[in-house]
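Ligands are counted one by one from 1 in listed order, and the atoms in each one are counted from 1 as well. Nothing fancy with the numbering, it's 1 onward along the sequence.
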Amino acid sequence: MDTPNQGSPAYTHATYAHIIGWGMAVPDKVMTNDDLSAFVDTNDEWIVSRTGIRERRIASEKESTATLALKAAQRALEVADILPIELDMIIVATSTAEYVFPSTASIVQNWLGASRAGAFDMSAACSGFVYGVNMAAQAIRSRSIQTALVIGSETMSRILDWQDRSTCILFGDGAGAVVMRASTVPGGVLSSVLRSDGAGWDVLCVPSVGSRDLDGSEIQPNGHTPFRMFMDGPEVFKFATRVFNDSVSQAVSDAGLTLDDIKLIVPHQANLRIISSAARSLKMDESRFMVNLDRYGNTSAASIPIALTEAVQQGRIAENDYIVFVGFGGGLAWGSMVVKWGAPKPKEEERALLKSQRRQLSYSLATLRSRWRRWIKSINEFFARLSPARGRMARLRDRVDKL
Ligand code: UT7
C-alpha cells in the first residue's frame, strides 16, 4: 500500500467531508387527500389540520426503490460534476429495499457503472439518511475513502396497509441523494449525534422474513403483519417531539455553535405539528425550517435529501451557511448533524460537457455489461440443459470465462 510521506498534504492538512452534489427524484403520479378519501374513511380537512400533508407521490409499476435511487444519484453526480468511477462508497438508506439482499446500493452501483465503489444499505428507518451521511463523513475524514454517494430512497406505498387510515395518509415515495467529497477546506459535516432507544421497537415496525414477531399466520395477535407497516402514531409523535430539540441542541453545541448561527434546519418531514412544536421549544422562527411535506408526505429516509435539494434549488442555502439535518423514526432511532455548506467549484463549460458525456457513457456501458453477463449465463444454461456431457462442457467454458 502507498503511504504518503511525512510532510505531504495528507499529513499536514486535516480532511473535511463536504457535500458537493445533490439531487432528487419523485414519481410523476400525485395522490391528493381527496383521492385517498375515495377509498379510506378520511378527508382533506383532517389530514391537513393534523399533519400538514396535501398530496404525496406514488411509484408506478415500473418504478422501484432502486430506479428512484438511480435517478436521484445521477442528478447528484451531475451537480457534483464527477464520474461514477470516482465513487469509493455508495450507501442507500432505505426501509423498502428491493431485496433482503443484495443491497439496493449494489444494484445502483451496477447501473451507474461505479466499478471502484463498495456498496451497502443502511437500515435506520427515517433517520437512515443522517446515519448514512455520518458513516460516509467518518470514512472520508479518516481518509479511507475520498468520495461517497449517500442516497435515501423509498417506495413506502408498497408496505402500507391502504385500509389503515392512521398510516396510509402519511407516506409517499421518492429519493434524494448527495455526493460527498474529501477536502482540506474546513467545513462540511461538523458534528453528528446518533441515538437509539430499541425499547420502542414495536411502536413503528415492518416485520420481515426473520422476525420472531411472526408465527406464520397472516394476521398476528399483536396487529403486526408481514411486510406491512404498523405504527402507533401518538406514541411516535410524543417520541419525536421529545428527541428533536435535545439532539439538535447537542449537535449544534458539539459543532461549537449556537442556534443563532443556524441558517436552516432540514428536518425529517413527518408531520408539520412536530416541526412547529420543535420551532416553539427551540425558540426559532418556523421560516428557518425547511418544509415540503405538504407536497410529498413522509418519504422516510428520502425526506431529508429531498428537502435539502429543494432548499438549495430555492436559494435558501448559501456558501458558508450552517445547516442542520434531523431525523427520527423506527428503531426508535434518531440523529442530528450540523453541516457547513460549501458550494462546489464553478463548472468549466467544456470540461463539464465532456464529463457529462462520459457519465452517460458509463451508464450505457454498465447496462451493456449487465446484459452481456446475463446473456452469457443463459447461453451456458442452454448448453447445460442439452446433455450432461455438454453441460460439463458448458461448466468448463464457464470456468474458463471466469479465469
Ligand atoms: O416517519 C416516522 C415518524 N412518524 C411520525 O412522526 C408520525 C407521528 N404521529 C403522527 O403524526 C400523528 O400521531 C398521526 C398523524 C399519525 C395521528 O394524529 P393524532 O392527532 O395523533 O391522531 P390520533 O391517532 O390520536 O387519532 C385521533 C382521532 C381518532 O378518532 P377518535 O378515536 O378520536 O374518534 C382517529 O381514529 O382521529 C382519527 N383518525 C382519523 N380521522 C380521519 C386517525 N386517522 C384519521 C384519518 N382521517 N386519516
Side-chain angles (χ1 to χ4, degrees), residues 31-56 93-96 122-131 152-174 176 195-198 200-206 223 228-245 247-248 265-279 289 291-294 296-307 325-336:
M31 185 185 277
T32 64
N33 293 344
D34 285 339
D35 293 336
L36 270 166
S37 64
F39 61 87
V40 68
D41 182 15
T42 190
N43 55 75
D44 181 59
E45 195 278 325
W46 191 96
I47 301 174
V48 173
S49 64
R50 304 306 292 166
T51 71
I53 298 165
R54 292 179 186 277
E55 58 187 43
R56 69 286 294 141
T94 185
S95 299
T96 49
M122 166 70 67
S123 168
C126 304
S127 317
F129 179 75
V130 178
Y131 273 65
S153 185
E154 304 281 13
T155 40
M156 301 304 285
S157 59
R158 308 251 160 92
I159 55 163
L160 291 174
D161 175 352
W162 286 100
Q163 258 123 60
D164 176 6
R165 67 178 183 173
S166 65
T167 54
C168 75
I169 54 127
L170 297 171
F171 294 90
D173 301 335
R195 298 279 185 274
S196 171
D197 174 12
W201 67 273
D202 57 344
V203 298
L204 180 50
C205 61
V206 181
R228 283 286 162 270
M229 183 195 295
F230 171 85
M231 180 171 78
D232 179 342
E235 274 306 310
V236 179
F237 192 97
K238 277 187 257 166
F239 145 74
T241 47
R242 196 174 63 243
V243 300
F244 196 121
N245 301 351
S247 73
V248 168
I265 295 194
V266 185
H268 170 45
Q269 307 284 308
N271 187 322
L272 186 57
R273 289 192 294 137
I274 295 175
I275 296 173
S276 305
S277 143
F289 290 71
V291 176
N292 64 359
L293 57 80
D294 50 323
Y296 304 121
N298 179 343
T299 54
S300 192
S303 83
I304 295 176
I306 289 176
F325 301 149
V326 49
F328 46 85
L332 297 166
W334 63 101
S336 287

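Residue Trp46 touches ligand 1 through its side chain alone, judged by heavy-atom distances below 4.0 Å. With a 4.0 Å cut-off on non-hydrogen atoms, Ile274 touches ligand 1 through its side chain and not its backbone.
Within the 4.0 angstrom cut-off, atom 5 (C) of ligand 1 has one or more protein heavy-atom neighbours. Within the 4.0 angstrom cut-off, atom 33 (O) of ligand 1 has no protein heavy-atom neighbours. There is no protein heavy atom closer than 4.0 angstrom to atom 29 (C) of ligand 1. Less than 4.0 angstrom separates atom 46 (C) of ligand 1 from at least one non-hydrogen atom of the protein. Less than 4.0 angstrom separates atom 41 (N) of ligand 1 from at least one non-hydrogen atom of the protein.
Residues Phe237 and Ile274 have side chains in contact (heavy-atom distance under 4.5 Å, counting atoms from C-beta outward). Side chains of Met156 and Thr299 form no contact here, defined as non-hydrogen atoms less than 4.5 Å apart. Between Met231 and Val236, some side-chain heavy-atom pair lies under the 4.5 Å cut-off. With contacts defined as side-chain heavy-atom distances shorter than 4.5 Å, the pair Leu170/Cys168 does not qualify. With contacts defined as side-chain heavy-atom distances shorter than 4.5 Å, the pair Gln269/Val291 qualifies. Between Arg50 and Ile169 there is no side-chain heavy-atom pair separated by less than 4.5 Å.
For ligand 1, the atoms closer than 4.0 angstrom to any heavy atom of His268 are 1 (O), 2 (C). Ligand 1 places these atoms under 4.0 Å from at least one heavy atom of Arg273: 18 (O), 19 (P), 20 (O). Shown in contact with Ser166 at under 4.0 Å from a heavy atom are these atoms of ligand 1, numbered in order with element: 16 (C), 44 (N). Less than 4.0 angstrom separates some heavy atom of Asn298 from each of these atoms of ligand 1: 1 (O), 2 (C). The atoms of ligand 1 that sit less than 4.0 Å from any heavy atom of Val236 are 3 (C), 4 (N), 5 (C), 6 (O). Atoms of ligand 1 lying under 4.0 Å from any heavy atom of Ala270, numbered from 1 in the order shown and given with element: 5 (C), 6 (O). Counting atoms of ligand 1 from 1 in the listed order, those under 4.0 Å from a heavy atom of Leu204 are 2 (C). Heavy-atom proximity to Leu170, at under 4.0 Å, picks out these atoms of ligand 1: 15 (C), 16 (C).
Remark: the backbone N or O of Phe230 is not paired with any side-chain donor or acceptor of Asp161 at under 3.5 angstrom. Of the possible donor and acceptor atoms, one in the side chain of Ser37 sits under 3.5 Å from a partner among the backbone N and O of Asp34. With hydrogens and angles disregarded, no donor-acceptor distance shorter than 3.5 Å links the side chain of Thr51 to the backbone of Val48.
In terms of protein heavy atoms, atom 35 (C) of ligand 1 is closest to Arg165 NH2, 3.8 Å. Atom 11 (O) of ligand 1 has Asn271 ND2, 2.7 Å as its closest protein atom, hydrogens excluded (heavy atom only). From the protein, the heavy atom lying nearest to atom 2 (C) of ligand 1 is Cys126 SG, 3.4 Å. Protein heavy atom nearest atom 21 (O) of ligand 1, with residue, atom name and distance: Pro234 CG, 3.8 Å.
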Exercise for review: Start with the C-alpha distance between Arg56 and Asn33, add both sets of side-chain angles, then the distance that settles side-chain contact (heavy atoms from CB on, under 4.5 Å), and finish with yes or no.
Suggested key: CA-CA 9 Å; Arg56 69 286 294 141; Asn33 293 344; 2.9 Å; yes
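In this structure, Ile47 has no heavy atom closer than 4.0 Å to ligand 1.
Side-chain atoms of Thr94 and Glu154 form a donor-acceptor pair, as typed in the model, at a separation below 3.5 Å.
An N or O contact shorter than 3.5 Å links Thr42 to ligand 1 by distance. In terms of polar-atom proximity, defined here as any N/O pair under 3.5 Å, Arg50 does make such a contact with ligand 1.
No more than 12 heavy-atom neighbours from other residues, nucleotides or ligands sit within 6.0 angstrom of CZ on Arg54.
Checked for salt-bridge contact, Asp41 and Arg165 meet the test: a charged N lies under 4.0 Å from a carboxylate O.
Using cut-offs of 30° and 60° on the angle between ring planes, the pair Phe239 and Trp334 is perpendicular.
When the heavy atoms of Ser37, Gly233, Cys168 are ranked by distance to atom 13 (O) of ligand 1, first place goes to Gly233.
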